[in-house]
Asker: 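Here it is, the structure in full.
Atoms within each ligand, like the ligands themselves, are counted from 1 in listed order.
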Amino acid sequence: MNRKTGFRFLIRIMERWKNTARSFGEVSNFRDTSIEEMESALAKYKGGEVMLSKEYWNEGIAVIYLNHPEKKNAMSGKMIVDLRKCVAELESFKDGKAVILTSKGDNFCSGGDLDFVRASGTPQGGFFMSTIMHNTLKRFRNLPLTSVSLVHGPTLGGGAELSVYSDFLLAADNVKLGFVHGKMGIMTPWGGTTR
Ligand SMILES: CCCC(=O)SCCNC(=O)CCNC(=O)[C@H](O)C(C)(C)COP(=O)(O)OP(=O)(O)OC[C@H]1O[C@@H](n2cnc3c(N)ncnc32)[C@H](O)[C@@H]1OP(=O)(O)O
């Protein structure tokens, strides 16, 4: 069999199995779920908050704080929804110049809240989390504001992904920045490696 015939054969097999592959993990069944439905599913997983601080608003600077210190600022489903609301509000920050992404407590972010990830750990849960985070972070990146991540302490998994979405990343000496996904056998579900 020459290479061309080989490719044709391969494509025929792939076409035959395409629908099976797509429905494997049932992902195709969720594609018509609205963003609002995904948000309300995620919001059920409580814990912590993401706040938009307006302390420097009049100077054109917004500050986003991750605040879930008891879990090292791990992102719960609710925090994912909060972050989305912050970004939506910043889209209409007409006199804005900059946004700082940082955290309360002694580290930036230890990634996804593993309790939330476990509890929502179905193909559907993963699809919702990934879709919302990709959409939110793409909008964050596209804000007409200079963005800076201020990070310190453990900044792991999804936390590392979040940190690299800004235009600039300022890290304290004690930072431990780790894309630990490979060790966990998962991909980067928030799209951090596209930065
Ligand atoms: C979904 C996107 C992909 C991902 O992000 S997957 C998550 C990747 N991140 C991780 O695996 C980080 C796990 N955490 C750690 O390695 C350590 O907790 C860390 C951050 C180095 C801090 O270590 P320490 O300073 O020794 O603090 P500690 O371990 O005692 O943690 C204090 C409490 O916080 C909790 N915590 C930390 N990171 C968490 C997380 N990601 N999800 C859920 N809970 C988390 C930890 O379980 C502990 O809770 P507790 O006080 O024992 O009840």
Side-chain angles (χ1 to χ4, degrees), residues 24-27 29-31 33 35-51 64-88 100-142 147-166 169-195:
F24 186 73
E26 302 161 21
V27 166
N29 297 342
F30 321 135
R31 290 203 187 276
T33 309
I35 291 284
E36 291 72 25
E37 285 169 310
M38 292 188 204
E39 278 184 327
S40 67
L42 291 173
K44 287 178 193 147
Y45 300 96
K46 307 270 186 234
E49 60 185 345
V50 178
M51 307 176 297
I64 297 177
Y65 286 107
L66 312 184
N67 186 28
H68 195 188
E70 64 276 23
K71 284 194 178 178
K72 300 286 171 187
N73 291 321
M75 293 285 287
S76 64
K78 177 198 178 285
M79 289 171 75
I80 286 174
V81 175
D82 285 351
L83 177 62
R84 190 173 169 75
K85 287 183 186 146
C86 294
V87 172
I100 296 170
L101 177 62
T102 191
S103 64
K104 303 277 186 185
D106 61 9
N107 74 311
F108 177 63
C109 174
S110 64
D113 179 335
L114 291 168
D115 298 317
F116 147 63
V117 171
R118 273 184 216 109
S120 65
T122 59
Q124 185 187 53
F127 180 78
F128 288 1
M129 176 186 71
S130 234
T131 303
I132 294 285
M133 282 303 267
H134 271 257
N135 182 281
T136 299
L137 292 169
K138 184 173 160 207
R139 285 165 61 188
F140 175 80
R141 198 180 59 202
N142 289 340
S147 52
V148 186
S149 296
L150 292 186
V151 306
H152 63 294
T155 297
L156 303 175
E161 293 190 67
L162 269 183
S163 75
V164 296
Y165 266 94
S166 293
L169 192 164
L170 289 184
D173 286 344
N174 73 348
V175 77
K176 283 192 185 133
L177 192 63
F179 282 83
V180 294
H181 310 72
K183 283 186 195 157
M184 302 175 77
I186 57 171
M187 293 189 291
T188 47
W190 301 347
T193 46
T194 62
R195 294 290 293 152

Asker: Among Lys72, His181, His68, Met187, which residue places a heavy atom closest to atom 25 (O) of ligand 1?
Answerer: Lys72

Asker: Just go through Gly121, Gly112, Ser76 and tell me whose heavy atom is the nearest to atom 41 (N) of ligand 1.
Answerer: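 Looking at heavy atoms only, the winner is Gly112.
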
Asker: Under a 3.5 Å threshold, yes or no: a donor from one side chain and an acceptor from the other, between Ser163 and Thr155?
Answerer: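 No.
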
Asker: Out of Asp113, Leu114, Asn73, whose heavy atom is nearest to atom 11 (O) of ligand 1?
Answerer: Leu114

Asker: Which option wins on minimum heavy-atom distance to atom 33 (C) of ligand 1: Arg118, Glu70, Met129?
Answerer: Glu70

Asker: Evaluate side chain to side chain contact (heavy atoms under 4.5 Å, CB included) for Glu161 paired with Leu137, printing each intermediate quantity in order.
Answerer: CA-CA 10 Å; Glu161 293 190 67; Leu137 292 169; 5.9 Å; no

Asker: Below 3.5 Å, N or O to N or O, backbone or side chain included: is there any such pair between Ser110 and ligand 1?
Answerer: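 Between Ser110 and ligand 1 (N or O atoms, distance only) the closest approach is under 3.5 Å.
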
Asker: I need the Asp113 CG to Met79 CE distance, nearest 0.5 Å.
Answerer: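 So the gap between those two atoms works out to 8.5 Å.
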
Asker: Listed by chain and number, what are the ring pair (Phe, Tyr, Trp, His ring centres under 6.0 Å) partners of Phe116, not counting sequence neighbours?
Answerer: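 Applying ring pair (Phe, Tyr, Trp, His ring centres under 6.0 Å) to Phe116 gives Tyr45.
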
Asker: Please state which protein non-hydrogen atom is closest to atom 35 (C) of ligand 1 and give its distance, to 0.1 Å?
Answerer: Lys71 CA, 3.9 Å

Asker: Starting from atom 6 (S) of ligand 1, what is the nearest protein heavy atom, named by residue and atom, and what distance separates them?
Answerer: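 Minimum-distance protein heavy atom for atom 6 (S) of ligand 1 reads Met184 CE, 3.6 Å.
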
Asker: Taking 4.0 Å as the limit for heavy-atom contacts, which would you say applies to Met75 with ligand 1: side chain only, backbone only, both, or neither?
Answerer: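 It is neither part, as no heavy atom is under 4.0 Å.
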
Asker: Among protein heavy atoms, which lies nearest atom 15 (C) of ligand 1, and at what distance?
Answerer: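 The closest heavy atom on the protein side is Leu156 CD1, 4.4 Å.
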
Asker: For atom 2 (C) of ligand 1, what is the nearest protein heavy atom, given as residue, atom name and distance?
Answerer: Pro189 CG, 3.6 Å

Asker: Can you check whether Gly159 has an N/O within less than 3.5 Å of an N/O in ligand 1?
Answerer: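 No: no nitrogen or oxygen of Gly159 is under 3.5 Å from one in ligand 1.
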
Asker: Taking distance alone, with N or O pairs closer than 3.5 Å, would you say Gly158 contacts ligand 1?
Answerer: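 Yes: some nitrogen or oxygen of Gly158 is under 3.5 Å from one in ligand 1.
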
